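Here the structure is a predicted model, which means the values were calculated and not measured.
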Amino acid sequence: MSRPVPVPTELSEPFWEAARRGDLVVPYCPACDLRFFVPEPACPGCMGPEWWYVPSSGRGTVYSVTVVHRAPGPGFDTPFALAVIDLDDGGTLLSHVDAGDPDAVVIGMPVRVDFRPLTDEITLPYFVPSL
């Protein structure tokens, strides 16, 4: 079976468009200077409705990690490392980290984004160790 494909929404479409180009963008609220993820109708920091996407360098640090041994659904290869990434330019993102061996992913590891096409329309951001 193939892996489930994310379905872009009106809020997330700019994120997926950027990912197809190989760019990482995150929602940014100018009212409270917060970068956040996932996109929501209102900023989770101040509940302000006005936010937009800003570019991210795609570099960060593993804040937390777990190795998933039981697939969350069909189409996922296990084991894999799932981590919360603290982005260097602000905000956090939950993503797979591909270091070859899932057990090699550790808290504090520097990482960078690496885009991988899933379909012609959807490109997924993964993270890999940053040298």
Side-chain angles (χ1 to χ4, degrees):
M1 240 186 185
S2 64
R3 182 175 174 168
V5 177
V7 177
T9 65
E10 185 177 334
L11 286 176
S12 68
E13 182 58 37
F15 172 83
W16 296 111
E17 286 177 17
R20 274 193 302 276
R21 295 189 310 267
D23 296 321
L24 182 63
V25 296
V26 295
Y28 169 74
C29 176
C32 67
D33 198 36
L34 180 68
R35 289 178 184 231
F36 57 94
F37 199 84
V38 297
E40 297 289 344
C43 169
C46 70
M47 298 307 292
E50 300 295 323
W51 59 263
W52 52 79
Y53 285 93
V54 294
S56 171
S57 69
R59 294 191 171 276
T61 305
V62 173
Y63 173 80
S64 176
V65 62
T66 189
V67 176
V68 177
H69 292 276
R70 189 161 68 176
F76 288 89
D77 294 329
T78 57
F80 62 87
L82 185 63
V84 174
I85 309 298
D86 275 338
L87 296 170
D88 288 353
D89 40 24
T92 61
L93 200 66
L94 180 67
S95 182
H96 289 224
V97 177
D98 185 356
D101 175 4
D103 291 322
V105 180
V106 296
I107 292 171
M109 173 184 274
V111 292
R112 64 175 174 76
V113 72
D114 180 46
F115 293 97
R116 299 178 184 180
L118 182 61
T119 69
D120 289 342
E121 294 80 31
I122 298 293
T123 299
L124 298 175
Y126 278 69
F127 282 80
V128 295
S130 180
L131 305 175

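E13 meets the side-chain hydrogen bond (donor to acceptor under 3.5 Å, both in side chains) test with R20; sequence neighbours excluded. F115 meets the ring-ring contact (aromatic ring centres under 6.0 Å, His included) test with no other residue; sequence neighbours excluded. The side-chain contact (heavy atoms from CB on, under 4.5 Å) check on P14 picks up Y53, with sequence neighbours excluded. For D33, the side-chain hydrogen bond (donor to acceptor under 3.5 Å, both in side chains) partners are Y28, not counting sequence neighbours. Checked against side-chain contact (heavy atoms from CB on, under 4.5 Å), L94 has the following partners two or more places apart in sequence or in another chain: L82, V84. Shown here are the side-chain contact (heavy atoms from CB on, under 4.5 Å) partners of E40, two or more places apart in sequence or in another chain: V38. Considering only residues two or more places apart in sequence or on other chains, D88 meets the side-chain hydrogen bond (donor to acceptor under 3.5 Å, both in side chains) condition with none of them.
The two residues V111 and F127 have their closest heavy-atom pair at CG2-CD2, 3.7 Å. S95 and P125 get closest at one heavy-atom pair: OG-O, 3.0 Å. Nearest heavy atoms, V62 versus V65: CG1-CB, 4.0 Å.
Counting only residues at least two apart or on different chains, no side chain to side chain donor-acceptor pair (under 3.5 Å) pair has a member in residues 63-84. Residues in residues 84-112 take part in these ring-ring contact (aromatic ring centres under 6.0 Å, His included) pairs, two or more places apart or across chains: F80-H96, H96-Y126. Pairs of residues two or more places apart, or lying in two chains, never qualify as salt bridge (Lys or Arg N to Asp or Glu O under 4.0 Å) while including a residue from residues 42-61. Every pair passing ring-ring contact (aromatic ring centres under 6.0 Å, His included) that includes a residue from residues 2-26 is listed here, sequence neighbours excluded: F15-F37. Pairs of residues two or more places apart, or lying in two chains, that qualify as side chain to side chain donor-acceptor pair (under 3.5 Å) and include a residue from residues 109-118 are D98-R116, D114-R116.
Atom SG in C43 sits 4.5 Å away from atom CG in L34 (nearest 0.5 Å). In this structure, CZ on R21 lies 11.0 Å from OG1 on T123, to the nearest 0.5 angstrom.
The shortest side-chain heavy-atom distance between C29 and W52 does not fall under the 4.5 Å cut-off.
Under the 4.5 Å side-chain heavy-atom criterion for Ile, Leu, Val, Met, Phe, Trp and Tyr, V7 and L118 are members of distinct hydrophobic clusters. A continuous path of hydrophobic side-chain contacts links V54 to L24 [ILVMFWY only; heavy atoms under 4.5 Å]. The hydrophobic clustering, which links ILVMFWY residues whose side-chain heavy atoms are closer than 4.5 Å, places V25 and L124 together. By the criterion of side-chain heavy atoms lying less than 4.5 angstrom apart, applied directly or through intervening Ile, Leu, Val, Met, Phe, Trp or Tyr residues, V67 is not grouped with V97; the two fall into different hydrophobic clusters.
Side chain of T61 to backbone of I85: no donor-acceptor contact under 3.5 angstrom is found.
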Apply side chain to side chain contact (heavy atoms under 4.5 Å, CB included) to residues L93 and F36 and explain how you reach the verdict. CA-CA 8 Å; L93 200 66; F36 57 94; over 6 Å; no

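Counted by atom type alone, S56 and D89 present one or more donor-acceptor pairs between their side chains at under 3.5 Å.
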